[in-house]
Amino acid sequence: MRTLVDIGDAEVKALDRLAQREKVSRAALIRKAIDDFLARNSSASEVEAFGLRGGRKVDGLAYQEDIRNEW
């Protein structure tokens with residue numbers, strides 16, 4: 001999918017220098033930057049949620065059954 005993004009002249013020049021050094025296109029650099037950004041930000045929520053109930057004294061299954069019995 002194509003997307004239009006406004007980028008300043010200094011950023012475009014820096015991307016062009018990096019693209020030339022890495023021997024890839026400017027578009028490839030931008031795609032990689034977006035992939036890296038999404039990977040860093042999407043996995044954070046999984047890490048934060050892991051072990052969320054770990055410090056509780058109530059068994060998770062017992063808690064689930066109690067909550068369901070309220071319905």
**OP:** Show your working on salt bridge (charged side-chain N to carboxylate O under 4.0 Å, His left out) between Lys13 and Asp9 and close with a plain yes or no.
**Re:** CA-CA 6 Å; Lys13 289 177 184 177; Asp9 291 338; over 6 Å; no
Original post:
Rounded to the nearest 0.5 Å, how far apart are CG of Leu15 and CD1 of Ile7?
Top reply: 6.0 Å
**OP:** Mind running side-chain contact (heavy atoms from CB on, under 4.5 Å) on Val12 and Arg26 for me, showing each step along the way?
**Re:** CA-CA 8 Å; Val12 171; Arg26 184 192 313 157; 3.8 Å; yes
Original post:
Are Lys32 and Asp36 within salt-bridge range, i.e. N to O under 4.0 Å?
Top reply: yes
Subject >> Side-chain heavy atoms of Tyr63 within contact of Asp59, under 4.5 Å >> reply: no
**OP:** Give the cluster check for Trp71 versus Leu61: same hydrophobic cluster or not, with ILVMFWY residues linked at side-chain heavy-atom distances below 4.5 Å.
**Re:** no
Subject >> Option among Glu65, Gln64, Glu70 that satisfies the side chain to side chain contact (heavy atoms under 4.5 Å, CB included) test with Arg68 >> reply: Gln64
Original post:
Do the side chains of Phe37 and Ile30 join up, straight or via other hydrophobic residues, at under 4.5 Å, putting them in one cluster?
Top reply: yes
Original post:
If you round to the nearest 0.5 Å, how far is CG of Leu29 from CD1 of Ile34?
Top reply: 11.0 Å
Original post:
Quick one: OG1 on Thr3 to CE on Met1, what's the gap to the nearest 0.5 Å?
Top reply: 4.0 Å
**OP:** Determine whether more than 12 heavy atoms belonging to other residues, nucleotides or ligands lie under 6.0 Å from atom CD of Glu11.
**Re:** yes
Original post:
Taking atom CZ of Arg40 and atom CG of Leu38, what is their separation to the nearest 0.5 Å?
Top reply: 9.0 Å
Subject >> Minimum heavy-atom distance Ser25-Arg31, with the two atoms named >> reply: OG-NH2, 4.4 Å
